[in-house]
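Worksheet for the structure shown next.
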There are 2 protein chains.
Amino acid sequence: MPTQTNHFSKDYSPLFDYFDTFHRVSGEAKEALAAICSLSQIPKNKDLQSIGHTCRTIYFVKKGIARIYYYKDGTDITESFAFENSLIARVESLFTGKPSKKGIQVLEDSEFIGISSPLLFDLYDQFPDIERLFRKIFESAYVETVNRIESLQFHSAEERYHALTRESPDFLKRIPLKYIASYLGITQVSLSRIRAQR
Amino acid sequence: MPTQTNHFSKDYSPLFDYFDTFHRVSGEAKEALAAICSLSQIPKNKDLQSIGHTCRTIYFVKKGIARIYYYKDGTDITESFAFENSLIARVESLFTGKPSKKGIQVLEDSEFIGISSPLLFDLYDQFPDIERLFRKIFESAYVETVNRIESLQFHSAEERYHALTRESPDFLKRIPLKYIASYLGITQVSLSRIRAQR
DNA sequence: CGATTCCTTTTACAAATGTTAAATAATCAA
DNA sequence: TTGATTATTTAACATTTGTAAAAGGAATCG
């Protein structure tokens, strides 16, 4: 079994491949980034980050699925999901420094690459290219969020469900329906009805 | 009537005050920013940017109100509003370079400071502080958008209406209800019912 | 001022979604 | 495997929201 002797360990390569799709940074910058990353394995159903704590780590999903969730009047609501090769973070806490009302839970046995956000923000001063990389990453996430508003604001639950089956069939294969229902903004019962099409 | 003899004209000061709340940049950077700004006055009900065109200008509202809107099955939907001292742009076009399905319409006689986005993005290379300034601005807008999802995803129309009257009474004073209804994700009739509380 | 247009409310009815509870189905652990 | 737990569906009924049409108000313009 190979030991991790340097920051260019193969373990981080999916993350750096992901970075490259947004903005290429120097080898020196990559080394600096790798130095603030760490691996973690989380078993199914456990929390990766718990409700009430401030977000200080941005996670890259190497394997598995995670969801951001919170409670509204005692009901569990899923805000979003993250599959392999994407980032997940509670941005409303990450960017404000306030404790988050949301948690991150893992839906399958999963592996993450965690990026320390305070250390990342420090790197911005040293490496403008790293700042640019994450600017682009979050701009892209912002655009996705704006598009999601459109979906929630004026598509019916049925339209949202069918869009999901069409665009992200993986969701239905790997995520329990109870989580998908609240993600779509409806109850489990309502989702069952839509699935039974009538 | 004073002529505009330099880029530090008082006309742009609300914008630069706004910038300062996010990140302070050098005098040189401010000069560079001012050079890519321009003023425009738009009369009530006119479009500031029309549907189908790619977003190449970020607008700061100096005076008045604007809304981003689009048509869904022939129905006019308001995605968002911008009041004085805030920025407005169709980010899904701004950051992707694709034509926008949305337009920006002005709801009162209004004055804007337009910032050319291609020129702005060029300035990022020259002035990392300008890149940082806009990174922070859009991070903050991103957070607002995430919070809005929460509202649309699991608050009832009545809760959303009351949150609006509580947090943004200006909306009700200055914006026709027909626009507020679609912003809340409901019909005008439904909004009337909620207002009549029963 | 009057006429027109646009905005908002109201009414009646239809459709969608929520709530509660119970019945199945699937999963998990001993 | 069995039994227990969890997930999903179904049913019945309540509530919310949508649709279409009409009426009342407010604003605008000649």
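Residue numbering restarts at 1 for every chain, and letters A, B, ... go by the order of the sequence lines.
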Task: Pair B:E79 + B:K72: basic N to acidic O under 4.0 Å - done: no
Open item on the list: Go through it in stages, so that I can follow the logic: the residues are A:F171 and A:F81, the test is ring-ring contact (aromatic ring centres under 6.0 Å, His included), and I'd like the CA-CA distance, side-chain angles, deciding distance and then a yes or no.
Closed with: CA-CA 9 Å; A:F171 275 62; A:F81 299 103; 5.4 Å; yes
Task: Separation of atom CD in B:Q188 from atom C1' in C:dT11, rounded to whole Å - done: 15 Å
Task: Chi angles and distances behind the side chain to side chain donor-acceptor pair (under 3.5 Å) call for A:R67, A:Y183 - done: CA-CA 10 Å; A:R67 71 180 183 113; A:Y183 174 75; over 6 Å; no
Open item on the list: Can you give me the bend angle of the helix from C:dC1-D:dG30 to C:dA30-D:dT1? Use the axis through the first five pairs and the one through the last five, nearest 10 degrees.
Closed with: 50°
Open item on the list: How many whole angstroms separate atom CD of B:Q197 from atom P of C:dT9?
Closed with: 11 Å
TODO: Output yes when B:R132 and A:D125 qualify as a salt bridge under the 4.0 Å nitrogen-oxygen rule, no when they do not.
DONE: yes
Open item on the list: Closer than 4.0 angstrom, basic N to acidic O: yes or no for B:E84 and B:K63?
Closed with: no
- [ ] Please state whether the phosphate of D:dT8, meaning OP1 or OP2, lies under 4.0 angstrom from any side-chain nitrogen or oxygen of A:R195.
- [x] no
TODO: List the protein contact pattern of nucleotides 19-30 of chain D with one symbol per nucleotide (5' to 3'): B for base contact, S for sugar-phosphate-only contact, - for none; contact means a heavy-atom distance under 4.0 Å.
DONE: BB----------
Open item on the list: Looking at A:R135 and A:E131, is any side-chain nitrogen of the basic one under 4.0 Å from a carboxylate oxygen of the acidic one?
Closed with: no
TODO: Sort out for me which residue in A:F121, A:F22, A:F19 forms a ring-ring contact (aromatic ring centres under 6.0 Å, His included) with A:F134.
DONE: A:F19
Task: Interatomic distance where CG belongs to B:L184 and C1' belongs to D:dT16 [whole Å] - done: 15 Å
Open item on the list: Between B:R193 and B:E158, does any NZ, NE, NH1 or NH2 come within less than 4.0 Å of an OD or OE carboxylate oxygen?
Closed with: no
TODO: Measure the distance from OH on B:Y161 to C1' on D:dT16 and round it to the nearest whole Å.
DONE: 17 Å
- [ ] Look only at the side chain of A:S93 and the backbone of A:C55, and say whether a donor-acceptor pair between them is shorter than 3.5 Å.
- [x] yes
Open item on the list: In this structure, how many angstroms lie between the P atom of C:dC7 and the CG atom of B:D76, rounded?
Closed with: 10 Å
- [ ] Could you tell me whether B:K62 and B:D11 have a side-chain N and a carboxylate O separated by less than 4.0 Å?
- [x] yes
TODO: Using whole Å, report how far CD1 of A:I194 lies from C1' of C:dG18.
DONE: 12 Å
- [ ] Treating Ile, Leu, Val, Met, Phe, Trp and Tyr as nodes and any side-chain heavy-atom pair under 4.5 angstrom as an edge, say whether A:Y59 and A:L87 lie in one connected cluster.
- [x] no
Task: DNA chain C contacts among residues 169-180 of chain A, heavy-atom distance under 4.0 Å - done: none
Task: Between P of C:dC28 and CD of A:E108, the distance in whole Å - done: 12 Å
Task: Atom-to-atom span, CD of B:E158 to C1' of C:dT17 - whole angstrom - done: 16 Å
